[in-house]
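What follows is a short report on a single structure.
Throughout, residue positions are numbered sequentially from 1 according to the sequence presented. Note that this is a predicted model, so its numbers are computed, not measured.
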Amino acid sequence: MDTYTLADGLQLPKIGFGTYKLNGAGGVNAMVSALNVGYRLLDTAYNYENEGAVGAAIQRSGIARQDILVSSKLPGRYQHRQDAINTIQESLYRAGLDYFDLYLIHWPNPKQGLYVEAWQALIDAQRFGLVRSIGVSNFLPEHLDKLQKETGVMPAINQVELHPYFNQQAQIDYDHAHHILTEAWSPLGRASANNVLKNPVINELADKYHKSAGQIILRWHIQRGVLPIPKSTHTSRQEENKDVFDFEISADDMAKINGLTRPDGRYSNQDPAVYEEF
């Protein structure tokens with residue numbers, strides 16, 4: 001699979017595998033399947049309550065640890081510096097791992113005013129060898145500017161809600177200008193009344209390129225320099241989502257997809273300027 005290279009030199013595949021709500025034996029089975037079909041980046045979080053399942057999947061896969069990249073995230077309730085270090089260590093114990101390849105602050109929680117302290121803890125964790133690369137999730141330019149001002153260290157990656165109904169062009173531009181890779185959660189949107197997979201524009205392009213609607217959207221992400229992390233429990237869909245490197249969407253068709261974005265395109269109104277998660 002093609003790769004992105006982070007500012008700190010770590011290479012990540014251009015598509016990862018999301019593990020949100022993949023818990024227990026069923027979650028392990030889905031992750032083992034994903035690893036067997038070729039995914040090498042697993043994205044989890046403390047709040048997903050499945051870091052143990054991620055570790056079990058890695059063990060069951062038979063794939064060498066050094067060939068798999070594991071990303072996890074710090075919850076809002078543990079943003080004090082020592083709490084954050086303890087939480088990272090606890091997550092590693094749960095997963096049965098010696099280190100995370102990537103570790104993110106899950107949400108800035110700006111009302112609490114602790115995300116700079118949490119970021120300093122991640123800098124420490126990287127220095128201690130607990131994590132290889134550090135980043136953030138759901139951070140706006142104002143939060144990233146503050147990290148730069150207070151610590152002099154910018155994240156290697158910023159994971160944000162990003163799909164055709166919320167294309168995040170301004171955030172992508174900011175991240176790119178600051179050598180931050182943008183990663184997309186909910187890259188295919190969510191199954192709801194306004195399911196983007198059923199959008200007529202997307203499906204017209206799927207017919208044109210002889211691909212599925214999901215493949216069109218994932219290819220759109222990649223051509224924008226974004227790393228999507230789709231999730232599926234079905235092996236056939238996992239394979240399909242990964243099979244997006246043998247075609248290219250034209251500039252005109254990319255513009256059609258970008259034209260689907262909406263000012264209120266967030267699926268759950270989780271605006272990082274005010275939303276908080278603990």
Side-chain angles (χ1 to χ4, degrees), residues 16-23 43-50 71-79 103-116 118-119 135-147 155 157-176 178 180-203 213-214 216-218 220-221 224-232 241 256-278:
F17 186 75
T19 70
Y20 179 56
K21 293 189 175 180
L22 296 183
N23 303 80
D43 178 82
T44 183
Y46 188 97
N47 277 350
Y48 297 174
E49 298 182 341
N50 68 353
S71 175
S72 194
K73 308 180 194 74
L74 179 74
R77 62 190 177 279
Y78 295 133
Q79 287 192 353
Y103 198 83
L104 318 178
I105 300 174
H106 206 155
W107 288 87
N109 287 15
K111 295 176 186 175
Q112 308 305 310
L114 294 173
Y115 64 85
V116 174
W119 182 240
V136 295
S137 181
N138 303 299
F139 273 51
L140 301 172
E142 63 200 68
H143 306 134
L144 294 164
D145 287 342
K146 189 169 183 179
L147 295 186
I157 197 165
N158 185 18
Q159 185 184 122
V160 297
E161 179 180 358
L162 203 169
H163 44 76
Y165 287 158
F166 195 63
N167 74 18
Q168 290 270 39
Q169 187 61 56
Q171 185 68 59
I172 291 173
D173 291 343
Y174 175 97
D175 290 349
H176 182 73
H178 293 82
I180 300 169
L181 177 65
T182 305
E183 188 175 28
W185 61 261
S186 282
L188 299 174
R190 295 179 180 174
S192 62
N194 60 349
N195 188 347
V196 69
L197 290 169
K198 297 180 180 178
N199 182 276
V201 172
I202 298 295
N203 281 277
I216 292 295
I217 294 172
L218 293 170
W220 168 78
H221 283 290
R224 301 176 78 216
V226 170
L227 194 166
I229 46 171
K231 178 191 74 175
S232 177
N241 287 344
K256 290 178 182 177
I257 301 173
N258 281 319
L260 299 176
T261 195
R262 305 168 179 175
D264 60 346
R266 296 185 190 276
Y267 275 93
S268 299
N269 198 31
Q270 294 171 306
D271 182 352
V274 293
Y275 177 81
E276 305 210 331
E277 182 175 298
F278 296 93

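- Taking CG of Asn269 as the reference point, atom CD of Glu161 lies at 9.5 Å (rounded to 0.5 Å).
- Residue-environment remark: CG (Asp264) exceeds the threshold of 12 foreign heavy atoms within 6.0 Å.
- Using cut-offs of 30° and 60° for the angle between ring planes, the Phe139 and His143 rings count as perpendicular.
- Without hydrogens or angle criteria, Lys73 side chain to Tyr103 main chain gives no donor-acceptor distance under 3.5 Å.
- Side chain of Asn109 to backbone of Glu277: a donor-acceptor contact under 3.5 angstrom is found.
- Minimum interatomic distance between His221 and Ala184 (heavy atoms only, all atoms of both residues): CE1-CB, 3.8 Å.
- If you take CD on Gln168 and OG1 on Thr182, they are separated by 8.5 Å, rounding to the nearest 0.5 Å.
- Here the shortest heavy-atom pairing between Val196 and Ile202 reads O-CG1, 3.8 Å.
- Residues Trp185 and Gln270 come closest through the heavy atom pair CH2-OE1, 3.4 Å.
- Surrounding CD of Glu49 are at most 12 heavy atoms belonging to other residues, nucleotides or ligands under 6.0 Å away.
- Between the side chain of Asn47 and the backbone N or O of Pro75, no donor-acceptor pair lies under 3.5 Å.
- In terms of heavy atoms, Pro141 sits closest to Gln171 at CD-OE1, 3.1 Å.
- In this structure, a donor-acceptor pair under 3.5 Å is present between the side chains of Tyr165 and Asn199.
- Judged by distance alone, the side chains of Asp43 and Gln159 do bring a donor and an acceptor atom under 3.5 Å apart.
- Atoms OG1 and CD, on Thr261 and Gln169 in that order, are 9.0 Å from each other to the nearest 0.5 Å.
- Between the side chain of His176 and the main chain of Asp173, no donor-acceptor pair closer than 3.5 Å is present.
- For OH of Tyr174, the number of neighbouring non-hydrogen atoms (other residues, nucleotides, ligands) closer than 6.0 Å is greater than 12.
- When each of Leu162, Leu218, Leu181 is paired with Val226, the side chain to side chain contact (heavy atoms under 4.5 Å, CB included) condition holds for Leu162 and for no other.
- A distance-only check finds a donor-acceptor pair linking the side chain of Asn203 to the backbone of Leu197 [under 3.5 Å].
- Checked against Gln79 for a side chain to side chain contact (heavy atoms under 4.5 Å, CB included), the options Trp107, Trp119, Tyr115 give a single hit: Tyr115.
- The distance from atom CG of Leu22 to atom CG of Asn50, rounded to the nearest 0.5 Å, is 6.5 Å.
- Side-chain atoms of Trp220 and Asn167 include no donor-acceptor pair closer than 3.5 Å.
- Counting only heavy atoms from C-beta outward, the side chains of Val136 and Pro108 never approach each other to under 4.5 Å.
- With Lys231 contributing its side chain and Tyr20 its backbone, the two residues share a donor-acceptor pair below 3.5 Å.
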Run the side chain to side chain donor-acceptor pair (under 3.5 Å) check on Glu276 and Gln112 step by step: do they pass?
CA-CA 9 Å; Glu276 305 210 331; Gln112 308 305 310; 2.7 Å; yes

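- Between the CD1 atom of Ile229 and the OG1 atom of Thr19 there is a distance of 8.0 Å, given to the nearest 0.5 Å.
- The nearest pair of heavy atoms linking Ser268 to Arg190 is OG-NH1, 2.8 Å.
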Go through the steps for Leu140 and Asp271 under the test side-chain contact (heavy atoms from CB on, under 4.5 Å), then give the verdict.
CA-CA 9 Å; Leu140 301 172; Asp271 182 352; 4.2 Å; yes

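- Taking both residues in full, the closest heavy atoms of Ile180 and Asn158 are given as CG2-N, 3.6 Å, listed atom of the first, atom of the second, then distance.
- Within the model, atoms CG of Leu188 and CD1 of Ile216 stand 12.0 Å from one another, a figure rounded to the nearest 0.5 Å.
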